[in-house]
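By convention in this document, chain letters (A, B, ...) are assigned in the order of the sequence lines, proteins followed by strands, and residues within each chain are numbered from 1. Nothing here was measured: the structure is a model prediction, and the numbers come from that model.
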Number of protein chains: 4
Amino acid sequence: MSDLKSFASDNNSGAHPDIMQAVVDANHGHLKSYGEDEISIETDEVLQEFFGSQARIHYVTTGTAANVLGLRAVTETYNSVLCASPAHINNDECGAPEAFGGIKLVPIPSEDGKLTPGMIAPYLGHIGFVHASQPKVISITQPTEVGKLYTLKEIEDIVEFAHDRDLLVHLDGARIANACAALDCSFFDMTTALDIDLLSFGGTKNGCLMSEAVVFLNPDIGHGFPYLRKQAMQLVSKMRFVSAQLAAYLKDDLWLKNAKHANAMAQRLAEKAGQIEGVEIKGSVDCNALFAYLPPDVTEKLLEKYYFYVWDAHDNTVRWMTSWATTEEMVDEFVEDIRTAMEAR
Amino acid sequence: MSDLKSFASDNNSGAHPDIMQAVVDANHGHLKSYGEDEISIETDEVLQEFFGSQARIHYVTTGTAANVLGLRAVTETYNSVLCASPAHINNDECGAPEAFGGIKLVPIPSEDGKLTPGMIAPYLGHIGFVHASQPKVISITQPTEVGKLYTLKEIEDIVEFAHDRDLLVHLDGARIANACAALDCSFFDMTTALDIDLLSFGGTKNGCLMSEAVVFLNPDIGHGFPYLRKQAMQLVSKMRFVSAQLAAYLKDDLWLKNAKHANAMAQRLAEKAGQIEGVEIKGSVDCNALFAYLPPDVTEKLLEKYYFYVWDAHDNTVRWMTSWATTEEMVDEFVEDIRTAMEAR
Amino acid sequence: MSDLKSFASDNNSGAHPDIMQAVVDANHGHLKSYGEDEISIETDEVLQEFFGSQARIHYVTTGTAANVLGLRAVTETYNSVLCASPAHINNDECGAPEAFGGIKLVPIPSEDGKLTPGMIAPYLGHIGFVHASQPKVISITQPTEVGKLYTLKEIEDIVEFAHDRDLLVHLDGARIANACAALDCSFFDMTTALDIDLLSFGGTKNGCLMSEAVVFLNPDIGHGFPYLRKQAMQLVSKMRFVSAQLAAYLKDDLWLKNAKHANAMAQRLAEKAGQIEGVEIKGSVDCNALFAYLPPDVTEKLLEKYYFYVWDAHDNTVRWMTSWATTEEMVDEFVEDIRTAMEAR
Amino acid sequence: MSDLKSFASDNNSGAHPDIMQAVVDANHGHLKSYGEDEISIETDEVLQEFFGSQARIHYVTTGTAANVLGLRAVTETYNSVLCASPAHINNDECGAPEAFGGIKLVPIPSEDGKLTPGMIAPYLGHIGFVHASQPKVISITQPTEVGKLYTLKEIEDIVEFAHDRDLLVHLDGARIANACAALDCSFFDMTTALDIDLLSFGGTKNGCLMSEAVVFLNPDIGHGFPYLRKQAMQLVSKMRFVSAQLAAYLKDDLWLKNAKHANAMAQRLAEKAGQIEGVEIKGSVDCNALFAYLPPDVTEKLLEKYYFYVWDAHDNTVRWMTSWATTEEMVDEFVEDIRTAMEAR
């Protein structure tokens, strides 16, 4: 089987060897099913060390499941969830929040995927008005779907704004490790310390096979979750194989090493490719995603050998992502090929 | 970590080493996500060898997902699905068919979990009557939730009955391997050859980590499935780790060896335990589940060391299940402990 | 337009003249919409006189809406509602509880549509078991869909049984007036005094055009109802025309007169038709529905002139219903035609 | 009971006397239920005269029901419906499209509630991409929620654009009569002739008590509607009282007279109030809604006597609506009171 030269998504990477080993190690004899096994229970405790002892942790197999089920567990069908227009829940979940949760999403136009209290405020009218979906949650993504970061202060401001209005704050943390690595802070600093109510905690993109968790930090919410997870077809029977991944992921700062490496590879690519005449890196590179303006014929040439996405054909932007598995050699080879293609024009 | 002495469920077993190895082997470099990788595509072809070239295969991570999504893809919300009262979809999916699919289930009372045309017929009135959910699918489980088997002829009769009335037949095959092993037939014999329209194909209980598939055999149905799977939060990004399991599972008749072994262990347990005075095995042992009448004090004693379910406290039945991982030694030790407990009364 | 000689359903009747007059009288000038008008507010108070001051009343336009929305407002999607197998919610709402509410119905086999604690108890297992829908409501119908009555004591026993198990009791009262007339008790006696938690209060079948109400008696439940009603497309803008019907219906005991008359007509029909040789009235006639065994050729002959339903073609039963609008002359003419048809065999 | 001096909504008006009389006249004897009565069948034919013989008509009791059920009947849960941001389905139905239909709405920013192909085009990416809801319907409102009109040509352009892309066009015609009156065209001209696929046909706001219809013009869509209507709790038993309203509404051009009158009253109010110094009518007055800039203290003073909505407190706009029941005297008195309040500042 041929290896894919991918800068398309961190999803194209495999699993980190340590995490794969943990899965292999979890495969001994008989254990209870559905999360009642010792591995899952111990992993709960590991996650509580990171998020605080009040955290309630529930494992699922996809990021979409983490987002939709977390939101579903804290909303009625007459509630709305406010999010930035590029949000994964709005664009990349095939209508799951609406179809499974009956949730009305209110997408707020945002170029970089970030929200501010000032952007949200105009969408909070009609409280108590029976004709309108009632706002219940502000969902933010960190880093955003276009690779940008909220500062901790910016998140804190949103949480304060939300809580003042009896709204909850959900954090889509599919790539939260990359954010913490970039901002040099812990998971606790970014969530519990800021009074985030619930989050999707991602492991898959940063080295797991398939392991995500819904984490409730607010003790007053989400108590029906175990039933909803089962009903949502996400209660894996041999749960140990899901939870063991996160245990290994969190051990000895593997999550952090992986995320730092992914971020560093994006920086390397940005710096080196950005020096090529005719290639322009769009904006800052905060984490492991970068956007570049590239002539379409060059893009076409590169796609013969590499796998990545044309982000916007109208302005010739492409998206490149790096991961824990991206090597310096891959980056450098890619840069060379970009240079060659540019010079051959 | 202590090993669980479990006769509770085949779900308590781990993964077969060959399948675990396939997962490890799938972990090389970058591959496309969401099932577009070579492993998943090749596994599709492997499954088509078993089910016929017209089969369309979609991987999911739980048996509940396989059932609910398969049924969801072939029904409108005003349709009903007829099933035996002990059906997994009716009892063990926390209302997922209703909540996610809007499906009305019509449970038909059945002691052994089997249906016949004669049992179904009385539930097929009100066709075209706008006040009544319109029957669309007959769902059967093979083997049933209480361990019984349909003969191929019995399935054929249900399919003929269904198709004569424009109904589809869904087969919940979470343990289809055990059924094929017991009846000495192939997957093809039990499904495609009998004109089954769609099935849930289970791998997890018989040696996988978590790998199930929805298989559409009828070419006219289920074409919206890819969108529904994504919407149902079941489109795993690193799909290779799901599909690789089934590829290994189907290779060199591993599925059959595992199933035959599980069935044989149930027979062994039934024969040996059944000889103990005061222990009665209830009915035939068709596959890998058996039910026994056991004095409650003996059950209590055994539960100190073993893990299994009291099935019905009113008539003192317990359920024992075996799996690919149940050893002769486990069975014999268990039998000895039953005998000792009985004799100590 | 030809009048229909109907003994098919009380739904075939029109509106009582006093109720129609109330609708006409409500048509003066401008009023607030969506139930904020004076007529609706005053009708709320009228209903509170009947059900107690803690009652919260919400108008809807169909009996199906009253049932489904009431149940929807007090359940999570992982809850189940237990009901008798002939229940309207189970058979005659085209899967609305499942599709709109995500509710799992657990139909308990019952010949006469009545339940007892003993019949319900076996269906209450698996509390706290995440794989099973969690029982939340017992729904009873008074009178039942096959025309039978619970005594007040029988209802009281169910409520006590339910409340002991943290279950709510819902009463489908689409024909509650007929029940109260037959049992010589008030709405209060039958509901509030017995600690019923919520009910569907029907007006349409007993003389209204289209007016039903969801009534919450338990002050702790159903507080999201106003949003759910709007979301369920049942918040009529010119609500005065719905509420005015119920105000007239409850004025000067019109509801009682209508119901007594309907019941009396059923008794008259049962007594007179029951005396015809070869016609057998099945069981007791408790309210305004009766079932008779009739030779199929006689049924066929009668259907040329009259409109009624063959209830069960297998045992030759037909259902006859009477209403507030059924006259003695209609009954007597019908009886004569039955006699003539029987004698002509 | 005191009459409300309302310029808040055409919903505050009562029913036109001719329509009320039709309801009274429909109240004779027994008729079949659920729309199988002669009045409903004849009304179907009346509507077919207006919309063409291929039109299929289904009555419901609210505009929200007409919109949501029409859209629900032509979409899968993985489809999206594109609409202008001020659309009723987006803002005023408490999330019903999402909750009942599982529909993803894609609101396109629009000041006046109108869409153009150019505005829609950017939202049509990701066709066939399994992660994204698949566009299926463009929903337009005529006149829009802010009182503006599409020309027939503008609608035609949208339909052509839609059909070229295999999309359907839904027209929310809650006030279609006002639009046809303003544009001097028939219902046929505005819908069938332009190849509109389905519409919500409103009667309530223009003189009915509560009567709306879902009209399918495209013969290939919506065939499950009868079941969906029942399931959606909208199948009224005594349907004659709903259909009779529309029969009277369409007789002798009553709909047109009512709509012309309502539009004329809005013009009268705009012209007269617009001449008052300090009062500015915002934009054109196309139908029966108008928006005015009014000093907040004047608004406050007027609200003591009149009922209308502050539309936007930030820029001091108020909304005034007229209806078939608005008299010249009401308008003139209102204008005088506005003038007095302005002069008293």
Side-chain angles (χ1 to χ4, degrees), chain C residues 1-6 8-9 11-15 17 20 23-24 26-34 37-39 42 60-69 93-96 99-100 204-205 208-210 227-228 230-242 307 323 325-326, chain D residues 1-6 8-9 11-15 17 20 23-24 26-34 37-39 42 60-69 93-96 99-100 204-205 208-210 227-228 230-242 307 323 325-326:
Chain C
M1 209 172 317
S2 60
D3 191 22
L4 189 72
K5 290 178 181 297
S6 172
S9 172
N11 272 334
N12 293 157
S13 66
M20 184 57 81
V23 172
V24 171
N27 191 27
H28 57 86
H30 292 74
L31 289 182
K32 287 193 181 176
S33 305
Y34 301 113
D37 63 282
E38 300 167 34
I39 296 172
E42 284 172 22
V60 295
T61 58
T62 67
T64 295
N67 283 336
V68 175
L69 291 185
E93 304 187 348
C94 202
F100 183 75
T204 308
K205 292 170 193 286
C208 292
L209 295 80
M210 53 185 133
Y227 296 104
L228 290 173
K230 171 65 198 180
Q231 188 174 78
M233 308 162 269
Q234 281 286 337
L235 184 61
V236 167
S237 56
K238 298 182 178 178
M239 188 68 91
R240 51 170 137 171
F241 296 123
V242 176
Y307 184 52
S323 79
T326 307
Chain D
M1 210 172 314
S2 61
D3 191 23
L4 189 71
K5 291 179 182 296
S6 172
S9 172
N11 271 335
N12 294 157
S13 66
M20 184 57 83
V23 172
V24 171
N27 192 28
H28 58 84
H30 292 75
L31 288 182
K32 286 193 182 177
S33 305
Y34 301 114
D37 64 281
E38 299 166 36
I39 296 173
E42 284 172 22
V60 295
T61 58
T62 68
T64 294
N67 283 337
V68 175
L69 290 185
E93 304 188 347
C94 200
F100 182 75
T204 309
K205 292 170 193 285
C208 292
L209 296 79
M210 53 184 133
Y227 297 104
L228 291 173
K230 171 64 198 180
Q231 188 173 77
M233 309 163 268
Q234 280 286 338
L235 184 61
V236 167
S237 56
K238 299 182 178 177
M239 188 68 91
R240 53 172 137 170
F241 296 123
V242 176
Y307 183 53
S323 78
T326 308

Test item: [X] side-chain N/O and [Y] main-chain N/O as donor-acceptor pair under 3.5 Å:
X	Y	result
C:Q234	D:M233	yes
C:K238	D:M210	no
C:R240	C:I39	no

Quick one: of [options], who has the most non-hydrogen atom pairs under 4.5 Å with chain D?
options	result
C:P17, C:A325, C:C94, C:A99	C:C94
C:A232, C:A15, C:A8	C:A15
C:N67, C:T62, C:V68, C:T326	C:T62

Please state whether the side chain, the backbone, both or neither of [X] comes within less than 4.5 Å of a heavy atom of chain C.
X	answer
D:L228	neither
D:Y307	side chain
D:V23	both

Hey, what do you get for [atom1] ([X]) to [atom2] ([Y]), rounding to the nearest 0.5 Å?
X	Y	atom1	atom2	value
C:E93	D:K230	CD	NZ	6.0 Å
D:N11	C:L31	CG	CG	12.0 Å
D:L235	D:Y227	CG	OH	12.0 Å

Find the one option among [options] whose heavy-atom pairs under 4.5 Å with chain C are most numerous.
options	answer
D:M239, D:K205, D:K32	D:K32
D:V236, D:T64, D:N27	D:N27
D:G63, D:S237, D:A26, D:A66	D:S237
D:S33, D:S9, D:G95	D:S33

Answer yes or no: is there a side-chain heavy-atom contact under 4.5 Å between C:F241 and C:L209? no
